[in-house]
Structures are given as C-alpha cells and as structure tokens.
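Working notes, beginning with the structure itself.
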Amino acid sequence: MGIKVEGLDDVIESFERLGRNAEDLSNNSEVEFGKLFTDEFVRKHTSLSGVKEFFDLLPDSDNEDELDKFAVSISEHKDWGSLLEEAVSEYVENELFNGV
C-alpha cells in the first residue's frame, strides 16, 4: 500500500533545477562586474540611484584605500571587500535559485 503525495514531481524538478544551477555556477569561476553590481543591487545596498551613477563615481583605480573610501561613502559597508562580498553572495543566491 502506498501513499500518493501531490506535488512531489514539482519538488523533484525543483531539486533537479537547483542541482543544474549549482553545477553551472561551479563551472564558471569568473563573473562580469556588471552582473554583480546591477541596478537592483546598487539601489538596495547603496545610497546611489542605480548602476550608472555607481560606475560614474567608481574610482578608476585598483588602489584599495580609494575603493574602501568609495564603499564607505556610498554604503554601510566597512570597506570595498565587504561590499564586493555581498554582491557576489547575492549573485550566487540569485543564480542558484533561478527557476526554482
């Protein structure tokens, strides 16, 4: 005697999709800067109006001190590294659960 569970096929498909998304992420070690700092991310995590303003103000330098000052001036982050880490984390979460 078995019990029929409604919606189980949908759950299985969601897990399969999650697995495919995770595999896609693991095969891609590079992400374009613009995919991390989207309009949605910039509006949510900074005081700026969008990605255009973000890129207009972003220092044209690899100088860590300048990037840290920039991050502090536009967000509640303590430095550039923590802002970047949040962008990567949000990107991974969005990609992982895409279509799930």
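Note that the structure is predicted; figures quoted are calculated from it, not measured.
Counting heavy atoms from C-beta outward, F33 and F55 have side chains that approach closer than 4.5 Å. Between H45 and E90 the shortest side-chain heavy-atom distance falls below 4.5 Å. Looking at L84 and L36, their side chains come closer than 4.5 Å, going by heavy atoms from C-beta outward.
Across every non-hydrogen atom of S61 and E66, the tightest pair is CB-OE1, 3.6 Å. Here the shortest heavy-atom pairing between A71 and S75 reads O-OG, 2.6 Å. Contact detail for R43 and S49: the closest heavy-atom pair is NE-O, 3.0 Å. Residues V100 and R17 share a closest heavy-atom pair of CG2-CG, 3.8 Å. Closest of all the heavy-atom pairs between S47 and S73 is OG-O, 4.3 Å.
Linking Ile, Leu, Val, Met, Phe, Trp and Tyr whenever their side-chain heavy atoms come within less than 4.5 Å puts F41 and V51 in one cluster. When hydrophobic clusters are built by joining Ile, Leu, Val, Met, Phe, Trp and Tyr residues whose side-chain heavy atoms come closer than 4.5 Å, directly or via intermediates, Y91 is grouped together with V42.
If you take CD on E86 and OG1 on T46, they are separated by 10.5 Å, rounding to the nearest 0.5 Å. Note: K69 NZ to D79 CG = 13.5 Å, rounded to the nearest 0.5 Å. Atoms CD and CG, from E16 and D9 in turn, are 9.5 Å apart once rounded to the nearest 0.5 Å. Atom CG in N98 sits 6.0 Å away from atom CD in E95 (nearest 0.5 Å). Interatomic distance, D39 CG to E53 CD, rounded to the nearest 0.5 Å: 10.5 Å. For the atom pair CG of L67 and CG of L58, the computed distance is 6.5 Å after rounding to the nearest 0.5 Å.
Under the 30°/60° scheme for interplanar angles, the aromatic rings of W80 and F70 are found to be tilted.
Other residues, nucleotides and ligands place no more than 12 heavy atoms under 6.0 Å from the CG atom of D62. Under a cut-off of 6.0 angstrom, the local environment of CD in E40 is sparse, with at most 12 non-hydrogen atoms contributed by other residues, nucleotides or ligands.
Taking 4.0 Å as the cut-off between side-chain N and carboxylate O, K52 and D56 count as a salt-bridged pair. Note on E13 versus R20: salt bridge recorded, some NZ/NE/NH1/NH2 to OD/OE distance being below 4.0 Å.
Using modelled atom types, no side-chain atom of S89 and backbone atom of E85 make a donor-acceptor pair closer than 3.5 Å.
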